[in-house]
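Some notes on the structure that comes next.
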Protein chains: 2
Amino acid sequence: MKIEPELCRVDDALDILVGKWKPLILLHLMKEGTQRFSELKRSLPEITQKMLTKQLRELEEEDIVERKVYAQVPPKVEYTVTEYGRSLESILVAMHEWGLNHQKHKLQRQMEKASAAE
Amino acid sequence: MKIEPELCRVDDALDILVGKWKPLILLHLMKEGTQRFSELKRSLPEITQKMLTKQLRELEEEDIVERKVYAQVPPKVEYTVTEYGRSLESILVAMHEWGLNHQKHKLQRQMEKASAAE
DNA sequence: CCGAATCCATGTCGATACTG
DNA sequence: CAGTATCGACATGGATTCGG
């Protein structure tokens with residue numbers, strides 16, 4: 001049977017979630033609520049400013065997070081998960097839990113492989 | 001609050017699903033059951049042999065699909081979703097459905113934007 | 001404080017040709 | 001039939017510098 005790639009929309013969700021820091025950023029924002037740019041930066045010690053900005057803008061583009069700029073000096077920018085963005089939460093949680101189990105599964109396979117090799 | 005990236009296992013699942021053809025291959029195998037290499041190739045008209053081989057091997061590596069080689073000429077190789085691999089099905093379906101809705105959501109936002117611009 | 005701009009290393013994917 | 005091998009285009013992510 002021929003496959004019609006256009007009918008599969010898994011990639012729509014994947015595209016939004018893929019990005020080295022996006023799951024982390026999203027889960028953090030979902031848990032903590034509104035956060036300033038600098039707060040997020042402090043929470044992700046390893047990320048560069050460029051990457052944090054980029055990932056947030058991409059999420060904003062898809063209406064997953066909201067970006068709120070305060071007209072003041074020094075600047076203040078807040079990010080919040082949109083109501084719509086919340087619809088991704090159950091998927092993220094499901095993937096996290098699958099990932100936890102996958103770690104165990106991998107270990108188990110390693111052990112089986114090791115004992116089969118002796 | 002500082003984030004501990006090691007505690008988030010979303011990427012474990014993401015890494016397995018990411019790949020231009022993996023969701024398509026997986027959903028197809030889940031639906032159709034066991035398939036030969038050439039059947040898969042025919043089902044994905046756009047994919048190259050190299051990519052199909054690569055994506056299948058990566059899925060095999062993670063115990064998501066099983067690869068069965070028959071010792072005969074001409075060669076025959078069959079691929080099947082493992083029992084373990086089935087645990088990804090609900091996530092794939094959830095992502096597909098989220099994607100379907102996201103298409104609608106995007107259209108709606110476009111229309112709102114257009115009418116706000118006049 | 002929040003970000004834009006630039007340069008560079010690496011990885012992914014496609015096209016193409018070849019093999020047991 | 002079911003792969004490998006090689007090459008090159010392009011995208012992603014990191015380091016660094018500059019700006020309002």
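Residue numbers start from 1 in every chain, and the chains themselves are labelled A, B, ... in the order their sequence lines are given, proteins ahead of strands.
You'll find the side chain of A/Gln110 stays beyond 4.5 Å of the side chain of A/Lys113, heavy atoms only. Inter-residue side-chain proximity for A/Tyr79 and A/Leu59 is flagged as unmet; no heavy-atom pair is nearer than 4.5 Å. With a 4.5 Å cut-off on side-chain heavy atoms, B/Phe37 and B/Glu78 do not count as touching.
For the salt bridge (charged side-chain N to carboxylate O under 4.0 Å, His left out) condition, no pair includes a residue of residues 35-48 of chain B, sequence neighbours left out. Residue pairs meeting the salt bridge (charged side-chain N to carboxylate O under 4.0 Å, His left out) criterion with at least one member in residues 86-99 of chain B, sequence neighbours excluded: B/Arg86-B/Glu89.
In the region residues 21-41 of chain A, proximity to DNA chain D at under 4.0 angstrom, judged on heavy atoms, holds for A/Trp21. Residues from residues 3-20 of chain A with heavy atoms under 4.0 angstrom of DNA chain C: there are none. Using a 4.0 Å cutoff on non-hydrogen atoms, the parts of residues 47-71 of chain B near DNA chain D are B/Gln49, B/Lys50, B/Thr53, B/Arg57, B/Arg67, ordered by number.
Listed by chain and number, the residues in a ring-ring contact (aromatic ring centres under 6.0 Å, His included) with A/Trp21 amount to none (sequence neighbours excluded). Residues that satisfy the ring-ring contact (aromatic ring centres under 6.0 Å, His included) test with B/His102, not counting sequence neighbours, are A/Tyr84, B/Trp98. Contacts of B/Glu6 classified as salt bridge (Lys or Arg N to Asp or Glu O under 4.0 Å), with partners at least two apart in sequence or in another chain: none. By the side-chain contact (heavy atoms from CB on, under 4.5 Å) test, B/Val69 pairs with B/Arg67, B/Val77, sequence neighbours left out.
In A/Glu61, the CD atom is not crowded: 12 or fewer heavy atoms of neighbouring residues, nucleotides or ligands sit closer than 6.0 Å.
Without hydrogens or angle criteria, B/Thr82 side chain to B/Asp63 main chain gives a donor-acceptor distance under 3.5 Å. Between the side chain of A/His96 and the backbone N or O of B/Cys8, no donor-acceptor pair lies under 3.5 Å.
Chain B approaches DNA chain D over the interval D/dC1 to D/dT6, counting the first and last nucleotide 5' to 3' with an atom under 4.0 Å from its heavy atoms.
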Secondary structure of DNA chain D in dot-bracket form (Watson-Crick or G-U wobble, distances below 3.5 Å, | marking inter-strand pairs): ||||||||||||||||||||
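If you chain together hydrophobic residues whose side chains sit under 4.5 Å apart, A/Leu14 and B/Leu100 never meet in one group.
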Tell me which donor-acceptor pairs under 3.5 Å the side chains of residues 22-34 of chain B have, and how far apart each pair is, sequence neighbours excluded?
{"residue": "B/Lys22", "atom": "NZ", "partner": "B/Val18", "partner atom": "O", "Å": "3.3"}
{"residue": "B/Lys22", "atom": "NZ", "partner": "B/Glu58", "partner atom": "OE1", "Å": "2.6"}
{"residue": "B/His28", "atom": "NE2", "partner": "B/Gln35", "partner atom": "OE1", "Å": "3.4"}
{"residue": "B/His28", "atom": "NE2", "partner": "B/Ser43", "partner atom": "OG", "Å": "3.3"}
{"residue": "B/Thr34", "atom": "OG1", "partner": "B/Thr80", "partner atom": "OG1", "Å": "3.0"}

Take A/Met95 and B/Arg9 through the test side-chain contact (heavy atoms from CB on, under 4.5 Å) and record every step on the way to the result. CA-CA 7 Å; A/Met95 291 179 74; B/Arg9 308 255 55 104; over 6 Å; no
